[in-house]
Amino acid sequence: MKYLKAVLVGVAAIAAWSALAGWLAFDGWWMRPVANRGDAAAFTAWAVAEVEAKNRGTHAFLLIEDGVIVSRHFAAGVDEHTLFPTASFSKWIAALAVMSLVEQKRLDLDAPIETYLSRWQLPDSEFDPDGVTARRLLSHTAGLTDGLGFGDYEPDEPVPSLEASLRNPRASSGEDVAVAVGREPGSAFGYSGGGYLILELVVEEVTGERFADYVQRSILEPLGMTRSTYAYLGDLDNVSRSYDQDGSLVPSYRYASNAATGLASSAADLAKLLKGVLQGVGLPLELSTLAAMREPHGFVLGSGIWGLGTILYVATPGGDHVFGHDGANDPALNTSVRTNPETADGIVMLVSGHPTLASDIGSEWVLWQTGAPDFLSTERTLESAFVPILFGSMLIVLLVVLWLRRRSH
């Protein structure tokens with residue numbers, strides 16, 4: 001009986017230690033930043049070495065400290081004004097456009113979204129469509145289950161209208177999906193590119209303008225983001241070529257959704273964006289509105305990971321969040337733009353030629369900046385707890401064995 005009791009105590013202790021070690025992992029206990037905190041030169045050196053070693057395409061990198069660019073690095077043929085496709089980062093810009101309409105009292109965040117739609121309506125479902133609101137679409141909590149991921153269009157392919165895309169979207173997965181309510185609105189977080197296609201239509205219906213024209217006039221131009229555009233990159237100058245991960249050239253694709261994935265921008269323009277959202281410089285939105293955009297609305301396992309169009313990477317000591325947005329498109333485009341509102345530090349990383357490198361470097365920046373891993377690093381965070389769990393478990397087993405031996409004498 002004493003042996004069984006000892007085994008049960010040991011198993012319980014191992015389970016408790018494993019849970020504790022896993023919990024501590026999300027506070028960064030088992031992860032070491034790539035440079036000492038505050039050493040911008042060392043972080044830059046690491047980031048440059050990473051991108052030079054892992055990317056066979058092009059890139060642009062800016063590191064910002066206290067609102068000032070302190071480091072920059074570009075691939076050959078690239079400068080701070082070179083345009084890159086930004087993929088899902090586009091959603092942040094779309095969210096700013098939506099919030100500008102909220103401030104103008106032309107759009108109610110909590111009104112049924114169909115109030116504003118005449119060119120398309122949500123497909124019938126078992127759920128009440130009145131629960132689908134702009135607030136929930138911005139935060140991916142509207143109950144849409146499309147999971148888009150928009151597919152690309154070849155340069156010579158016709159791009160469908162907004163309504164056609166909403167009826168029959170091309171998914172990057174190649175699967176047939178529908179932009180429809182598949183769970184109770186407001187019940188859970190579920191990433192939806194289709195939600196931003198709806199918001200694109202809302203902006204057009206409310207303003208009577210093309211989405212791209214309204215965003216250009218109301219957001220990009222006031223910020224001085226003169227290079228940023230929704231135009232086809234194949235027709236423009238000083239544009240990054242598009243590369244696959246093996247270094248081979250691929251076409252500059254077209255995109256069916258400007259709001260969800262269609263923006264192209266430069267490193268210099270994205271630095272202006274960060275200054276605007278932190279200081280209100282040039283951005284025609286109240287600072288209170290910008291702060292509200294980084295309040296948690298989308299939650300996973302109790303943690304707030306999404307605001308109104310912004311990714312919330314990790315909580316800051318003062319109760320705010322490191323925030324921004326990443327983006328990735330096939331075959332190997334990746335964007336990461338992040339900032340810490342409590343320090344005015346930030347990072348801009350644009351990559352063509354690697355599907356995750358910008359986000360990987362962005363995650364390392366968050367760890368270096370705060371000492372805690374971001375939620376996009378969940379797999380690596382859990383892996384960091386493996387060795388502590390293993391050694392702790394071995395120690396517990398050893399203590400149980402020693403205790404049994406002592407009791408047997």
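If you're wondering where the values come from, they're calculated on a predicted model, not measured in any experiment.
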K.L.:
Counting only heavy atoms not in Asp235, do more than 12 sit closer than 6.0 Å to its CG atom?
P.N.:
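Yes.
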K.L.:
Can you name the closest pair of heavy atoms from Met225 and Ser265 and give their distance?
P.N.:
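Smallest interatomic distance, heavy atoms only, reads CE-OG, 4.0 Å.
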K.L.:
With side chain to side chain donor-acceptor pair (under 3.5 Å) as the test, would you mind laying out the steps for Ser88 and Tyr191 before giving the verdict?
P.N.:
CA-CA 11 Å; Ser88 286; Tyr191 190 84; 3.2 Å; yes
K.L.:
State whether the number of non-hydrogen atoms from other residues, nucleotides or ligands found under 6.0 Å of Trp29 atom CH2 is greater than 12.
P.N.:
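Check fails, neighbour count at 12 or below.
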K.L.:
Minimum heavy-atom separation for Thr381 and Ala25, please, with both atom names.
P.N.:
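That closest heavy-atom pairing would be CG2-O, 3.2 Å.
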K.L.:
Salt bridge check: are Arg56 and Asp246 linked by an N-O gap of less than 4.0 Å?
P.N.:
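Between Asp246 and Arg56 there is no salt bridge, as every charged N stays at least 4.0 Å from the carboxylate O atoms.
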K.L.:
Please check: side-chain N/O of Gln369 versus main-chain N/O of Trp365, any donor-acceptor pairing under 3.5 Å?
P.N.:
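Flag not set: sc Gln369 to bb Trp365 has no pair under 3.5 Å.
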K.L.:
Could you tell me whether Arg380 and Glu364 have a side-chain N and a carboxylate O separated by less than 4.0 Å?
P.N.:
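Salt bridge: yes.
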K.L.:
Hey, what do you get for CG (Leu199) to CD1 (Ile113), rounding to the nearest 0.5 Å?
P.N.:
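So the gap between those two atoms works out to 6.0 Å.
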K.L.:
Does Ala40 offer a backbone N or O that forms a donor-acceptor pair with the side chain of Trp368 under 3.5 Å?
P.N.:
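Side chain of Trp368 to backbone of Ala40, a donor-acceptor pair under 3.5 Å: no, none is there.
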K.L.:
Less than 4.5 Å apart, side chain to side chain, heavy atoms only: is that true for Ile219 and Tyr214?
P.N.:
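SC-SC contact between Ile219 and Tyr214 ruled out.
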K.L.:
Ignoring hydrogens and geometry beyond distance, is a side-chain donor-acceptor pair present between Ser192 and Asp146 at under 3.5 Å?
P.N.:
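A pair is found: one side chain offers a donor N or O, the other an acceptor, under 3.5 Å apart.
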K.L.:
Check this for me, if you would: do Glu50 and Lys54 make a salt bridge, where the nitrogen-to-carboxylate-oxygen distance has to be below 4.0 angstrom?
P.N.:
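Result for this pair is yes, salt bridge flagged.
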K.L.:
Taking atom types as modelled and ignoring hydrogens, do the side chains of His73 and His59 form a donor-acceptor contact shorter than 3.5 angstrom?
P.N.:
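There is such a pair between these side chains.
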K.L.:
Could you tell me if Glu221 and Thr226 have a donor-acceptor pair between their side chains, going purely by distance under 3.5 Å?
P.N.:
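Absent: no donor and acceptor within the cut-off.
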K.L.:
Is it the case that atom CD in Glu154 sees more than 12 heavy atoms from other parts of the structure closer than 6.0 Å?
P.N.:
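Atom CD in Glu154 is crowded, with more than 12 foreign heavy atoms closer than 6.0 Å.
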K.L.:
Looking at Asp269 and Arg227, is there a salt bridge between them, counting it only when a charged N and a carboxylate O are closer than 4.0 Å?
P.N.:
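No.
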K.L.:
Students often mix this up, so state it plainly: with edges at 30° and 60°, are the rings of Phe43 and Trp46 parallel, tilted or perpendicular?
P.N.:
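Correct class here is tilted.
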K.L.:
Within the side chain of Ser165, is there an N or O that forms a donor-acceptor pair under 3.5 Å with the backbone of Leu162?
P.N.:
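No, because the side chain of Ser165 does not come within donor-acceptor range (under 3.5 Å) of the backbone of Leu162.
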K.L.:
Does a sphere of radius 6.0 Å around CD in Glu103 hold more than 12 heavy atoms from other residues, nucleotides or ligands, not counting ones at 6.0 Å or beyond?
P.N.:
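Yes - once you tally the heavy atoms of other residues, nucleotides and ligands closer than 6.0 Å, there are more than 12.
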K.L.:
If you draw a 6.0 Å radius around CG in Leu8, do more than 12 non-hydrogen atoms from other residues or ligands fall strictly inside?
P.N.:
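Enclosed: over 12 neighbouring heavy atoms sit under 6.0 Å from CG of Leu8.
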K.L.:
Go through Leu137 and Leu144 one step at a time and tell me if the side chain to side chain contact (heavy atoms under 4.5 Å, CB included) criterion holds.
P.N.:
CA-CA 8 Å; Leu137 291 171; Leu144 302 182; 3.7 Å; yes
K.L.:
Going from CG on Leu357 to OG1 on Thr335, what distance comes out if it is rounded to the nearest 0.5 angstrom?
P.N.:
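It is 11.5 Å, given to the nearest 0.5 Å.
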K.L.:
Is there a donor-acceptor contact under 3.5 Å from the side chain of Glu126 to the main chain of Glu184?
P.N.:
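No, Glu126 side chain to Glu184 backbone: no donor-acceptor pair under 3.5 Å.
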K.L.:
What do the steps show when you test Tyr243 against Thr58 for side chain to side chain contact (heavy atoms under 4.5 Å, CB included), and what is the final call?
P.N.:
CA-CA 8 Å; Tyr243 293 87; Thr58 57; 3.7 Å; yes
K.L.:
Thr343 side chain to Asp345 main-chain N or O, any donor-acceptor pair under 3.5 Å?
P.N.:
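At least one qualifying donor-acceptor pair exists.
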K.L.:
A quick test of your reading: do over 12 heavy atoms of other residues, nucleotides or ligands sit less than 6.0 Å from CG of Asp237?
P.N.:
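12 or below, so no.
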K.L.:
Please say whether the positively charged group of Arg254, taken as NZ for Lys or CZ for Arg, lies over the ring of Tyr232, i.e. under 6.0 angstrom from the six-membered ring centre and within 45 degrees of the axis.
P.N.:
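Yes, cation above the ring, under 6.0 Å and within 45°.
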K.L.:
Side chain of Lys272, backbone of Leu223: donor and acceptor closer than 3.5 Å?
P.N.:
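No; zero donor-acceptor contacts below 3.5 Å.
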K.L.:
Do the side chain of Ser172 and the main chain of Gly151 share a donor and acceptor less than 3.5 angstrom apart?
P.N.:
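No; judged by distance alone, with no hydrogens or angles, the pair does not exist.
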K.L.:
Name the orientation class of the two ring planes belonging to Phe211 and Tyr230 (parallel below 30°, tilted from 30 to 60°, perpendicular beyond 60°).
P.N.:
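The arrangement is perpendicular - the two ring planes meet at more than 60°.
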K.L.:
How far apart are the C-alpha atoms of Thr356 and Asp360, what are their side-chain angles, what is the distance that settles it, and do they pass the side chain to side chain donor-acceptor pair (under 3.5 Å) test?
P.N.:
CA-CA 6 Å; Thr356 64; Asp360 294 343; 3.1 Å; yes
K.L.:
Should the heavy atoms of other residues, nucleotides or ligands under 6.0 Å from NZ of Lys275 be counted, would the total exceed 12?
P.N.:
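No, not enclosed.
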K.L.:
Check this for me: Arg241, atom CZ, are more than 12 non-hydrogen atoms of other residues, nucleotides or ligands nearer than 6.0 Å?
P.N.:
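No, the 6.0 Å shell around CZ holds no more than 12 heavy atoms from other groups.
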K.L.:
Is there a side-chain contact between Val387 and Leu390, using heavy atoms and a 4.5 Å cut-off?
P.N.:
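No, their side chains stay 4.5 Å or more apart.
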K.L.:
Pick out which of Ile93, Ile311, Thr86 makes a side chain to side chain contact (heavy atoms under 4.5 Å, CB included) with His325.
P.N.:
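Among the candidates, only Ile311 passes.
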K.L.:
In Å, rounded to the nearest 0.5 Å, how long is the span from OG of Ser257 to CG of Leu197?
P.N.:
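It comes to 4.5 Å.
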K.L.:
When rounded to the nearest 0.5 angstrom, what is the spacing between OG in Ser363 and CG in Leu376?
P.N.:
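It comes to 5.5 Å.
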K.L.:
I'd like to know whether Ser359 forms a side chain to side chain donor-acceptor pair (under 3.5 Å) with Ser336, so could you lay out the CA-CA distance, the side-chain angles of the two residues, the decisive distance to 0.1 Å, and finally the verdict.
P.N.:
CA-CA 5 Å; Ser359 293; Ser336 187; 5.0 Å; no
K.L.:
Is there a side chain to side chain contact (heavy atoms under 4.5 Å, CB included) between Leu148 and Tyr196? Walk through the geometry before answering.
P.N.:
CA-CA 10 Å; Leu148 291 165; Tyr196 275 75; over 6 Å; no
K.L.:
Between Asp326 and Arg338, does at least one N-O distance fall below 4.0 Å, as a salt bridge requires?
P.N.:
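Arg338 and Asp326: salt-bridged.
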K.L.:
What heavy-atom pair brings Ser240 and Thr82 nearest, and what distance separates the two atoms?
P.N.:
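Heavy atoms only, the tightest pair is N-CG2, 3.4 Å.
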K.L.:
Run the numbers on Trp17 and Leu395 for side chain to side chain contact (heavy atoms under 4.5 Å, CB included), then give the verdict.
P.N.:
CA-CA 11 Å; Trp17 167 244; Leu395 178 60; over 6 Å; no
K.L.:
Mind listing the closest non-hydrogen atom pair of Val337 and Tyr313 along with its distance?
P.N.:
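Result for this residue pair: O-OH, 4.2 Å.
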K.L.:
Got a second to check how far Ser100's OG is from Glu286's CD, nearest 0.5 Å?
P.N.:
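Result: 12.5 Å between the selected atoms.
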K.L.:
Between the side chains of Arg72 and Glu80, is the shortest nitrogen-to-carboxylate-oxygen separation below 4.0 Å, so that they form an ion pair?
P.N.:
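Salt bridge present between Glu80 and Arg72.
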K.L.:
Are Thr370 and Asn340 close enough that a side-chain donor and a side-chain acceptor fall under 3.5 Å?
P.N.:
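No - no donor-acceptor pair under 3.5 Å links their side chains.
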K.L.:
Please check if the side chain of Thr310 supplies one atom and the backbone of Met293 the other of a donor-acceptor pair under 3.5 Å.
P.N.:
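Here the side-chain-to-backbone pair exists.
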K.L.:
How far does CE of Met99 sit from CG of Leu283, to the nearest 0.5 angstrom?
P.N.:
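Here the interatomic distance stands at 11.0 Å.
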K.L.:
Check Leu107 against Ala134 and note the closest heavy-atom contact, atom names and distance.
P.N.:
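Scanning both residues completely, I find the closest heavy atoms to be CD2-CB, 4.4 Å.
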K.L.:
Hey, are Glu175 and Arg170 close enough for a salt bridge, meaning a charged N less than 4.0 Å from a carboxylate O?
P.N.:
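Salt bridge absent between Glu175 and Arg170.
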K.L.:
Are the side chain of Ser139 and the backbone N or O of Arg135 linked by a donor-acceptor pair below 3.5 Å?
P.N.:
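Yes, the answer is positive, given that a donor and an acceptor are paired below the 3.5 Å cut-off.
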K.L.:
Would you find a donor on one side and an acceptor on the other, under 3.5 Å apart, between the side chain of Asp128 and the backbone of Gly131?
P.N.:
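Such a contact is absent between Asp128 side chain and Gly131 backbone.
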K.L.:
So among Leu138, Leu109, Leu285, Leu308, which one has a side chain to side chain contact (heavy atoms under 4.5 Å, CB included) with Val102?
P.N.:
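So, applying the side chain to side chain contact (heavy atoms under 4.5 Å, CB included) to Val102 and each of Leu138, Leu109, Leu285, Leu308, only Leu109 qualifies.
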K.L.:
Taking all atoms of both residues into account, what is the closest heavy-atom pair of Gly194 and Leu166, and its distance?
P.N.:
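Minimum heavy-atom contact is O-CD2, 4.3 Å.
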